[in-house]
Amino acid sequence: MTQIRIAIAGYGNLGRGTEAAIKKSPDMRLVGVFSRRDPASVSLIDSTVPVYSMDDIEQYQNDIDVLILCGGSKSDLPEQGPYLASLFNIVDSFDTHAKIPEYFSALDTPAQKAGKLALLSVGWDPGLFSLNRLFGEAILPQGETYTFWGKGLSQGHSDAVRRIEGVKSGVQYTLPSESAMARVRNGELPQLETREKHTRECFIVLADGADADTVRNTIVTMPDYFADYDTTVNFIDQQTFEAEHSSMPHGGFVIRSGESGADNTSQVLEFSLKLGSNPEFTASVLVAYARAVHKLTQNGETGARTVFDIAPGLLSPKTPAQLRKEML
Ligand code: API
């Protein structure tokens, strides 16, 4: 079997999770990791895999089938994505929901020009949750869809707070409103504002000399991430941070509450995730979709795609015949 040659761009929590997920996929091989840090300072799970400088990535075009982008959505991906889409077939987890249409176009043009495929916004939300929102709405056109996250650590929001000047370490937890969830499960079909479904809680270690009020204000007013929510910001010391905030659990629910038939029979579709590690799970989704990208590029497909465009059978290492026999 020829293994799919995968590389990783960016080696934080998501990059590390991706390395681990590739190891569990016998049809793939990790050919290298690209980092903006000094390659000598990046330590992988498997020390035999080479680490290269991101500056040299152009030289490796013939060695990589699919490049998995593991940078953050706030500043890394908008900058790296369009450039890397002009050189490689890529998969990323861009998760600023409001900016996805714009980012799609930013990848589509260079990817089409270069004859490459770019799959964006893969993970669990956006990603698996998006698919379940689509299923619910398409199958039960009369009804409401609700998404609840947490309690858990959002990588996107944590990355966004860490980029604020004066923040040394930081995490963000998303908390669902238990009463809102109970009303939805009860079939009440409530109209809920963003603020009524979740609250957000940050734990921040300030850098020396940073001003707490300035940092708090920058967080709670940040558009796309915090402005539409009630956010609590707690300041703690580095030791407490390391002791209490180093695991990264997450999860959530997509619920479609709808009606069918002449008598409007109630039907509830619910998809849920309970994740011990948010980045490791997101990485596992990225890796399965990298397999799909590889298959599609073999058929000559180019341009930008989202999870809505990818047939589920392509995620599996099994052949269509095997899938029909074993899994239908
Ligand atoms: C939240 C969710 C998390 C989605 C998962 C992923 C992440 O507010 O907790 O950033 O961890 N939007 N996109």
Side-chain angles (χ1 to χ4, degrees), residues 10 12-18 21 68-78 81 91-100 103-104 119-134 145-164 170-178 180-181 192-204 219-220 222-233 245-255 271-289 306-308:
N13 293 319
L14 191 59
R16 198 170 177 82
T18 301
I68 302 183
L69 275 51
C70 293
S73 300
K74 188 148 175 61
S75 12
D76 300 331
L77 296 175
V91 185
D92 75 30
S93 62
F94 184 79
D95 70 352
T96 316
H97 294 262
K99 295 198 169 142
I100 290 175
Y103 184 64
F104 179 95
L119 177 60
L120 56 133
S121 301
V122 171
W124 58 277
D125 197 2
L128 302 184
F129 273 25
S130 321
L131 290 172
N132 282 277
R133 287 189 282 263
L134 183 148
T145 305
Y146 300 89
T147 300
F148 290 101
W149 304 295
K151 182 189 178 184
L153 186 149
S154 167
Q155 299 170 92
H157 294 80
S158 298
D159 174 59
V161 299
R162 282 194 290 265
R163 280 171 196 273
I164 296 170
V171 288
Q172 189 268 180
Y173 297 96
T174 313
L175 294 96
S177 156
E178 297 296 335
M181 277 182 65
L192 298 166
E193 300 294 322
T194 301
R195 202 174 287 282
E196 295 174 289
K197 287 187 286 185
H198 301 90
T199 53
R200 299 193 176 278
E201 188 169 25
C202 302
F203 290 86
I204 305 291
I219 294 174
V220 301
M222 192 189 292
D224 298 325
Y225 288 88
F226 293 100
D228 299 331
Y229 297 88
D230 291 331
T231 303
T232 318
V233 183
H245 301 286
S246 40
S247 72
M248 291 175 269
H250 211 339
F253 307 82
V254 172
I255 304 171
F271 177 76
S272 84
L273 291 172
K274 290 179 196 67
L275 308 175
S277 164
N278 182 1
E280 286 174 15
F281 186 77
T282 303
S284 302
V285 183
L286 282 168
V287 166
Y289 273 93
T306 71
V307 290
F308 296 143

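Below, each value reflects all heavy atoms present in this structure, side chains not excepted, and no hydrogens, waters or symmetry copies. Atoms within a ligand are numbered from 1 in the order they appear, just like the ligands themselves.
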Legend entry - For atom 3 (C) of ligand 1, closest protein heavy-atom neighbour: His250 NE2, 3.6 Å

Legend entry - Cation-aromatic face contact Arg200/Tyr229, 6.0 Å, 45 degrees: yes

Legend entry - Enumerated ligand 1 atoms positioned under 4.0 Å from heavy atoms of His157: 8 (O)

Inset, instruction - May I ask whether Gln172 places a heavy atom under 4.0 Å from ligand 1? - result: no

Inset, instruction - Describe, in one word, how the ring planes of Phe148 and His198 are oriented to each other, choosing from parallel (under 30°), tilted (30 to 60°) and perpendicular (over 60°). - result: tilted

Inset, instruction - Would you mind running through ligand 1 and noting each atom that sits below 4.0 Å from a heavy atom of Gly156? - result: 7 (C), 10 (O), 11 (O)

Legend entry - Close-contact set for ligand 1 against Asn278 heavy atoms, below 4.0 Å: 7 (C), 11 (O)

Legend entry - Identity and separation of the nearest protein heavy atom to atom 7 (C) of ligand 1: Gln155 N, 3.4 Å

Inset, instruction - Tell me whether the guanidinium CZ or amine NZ of Lys197 lies under 6.0 angstrom from the six-membered ring centre of Tyr146 and within 45° of its axis. - result: no

Legend entry - Min N/O separation Trp124 to ligand 1 under 3.5 Å: no

Legend entry - Protein contact to atom 12 (N) of ligand 1 [nearest heavy atom, distance to 0.1 Å]: Trp149 CE2, 3.7 Å

Inset, instruction - Look at atom 6 (C) of ligand 1 and find which of Thr147, Asp95, Thr174, Asp159 reaches it with the closest heavy atom. - result: Asp95

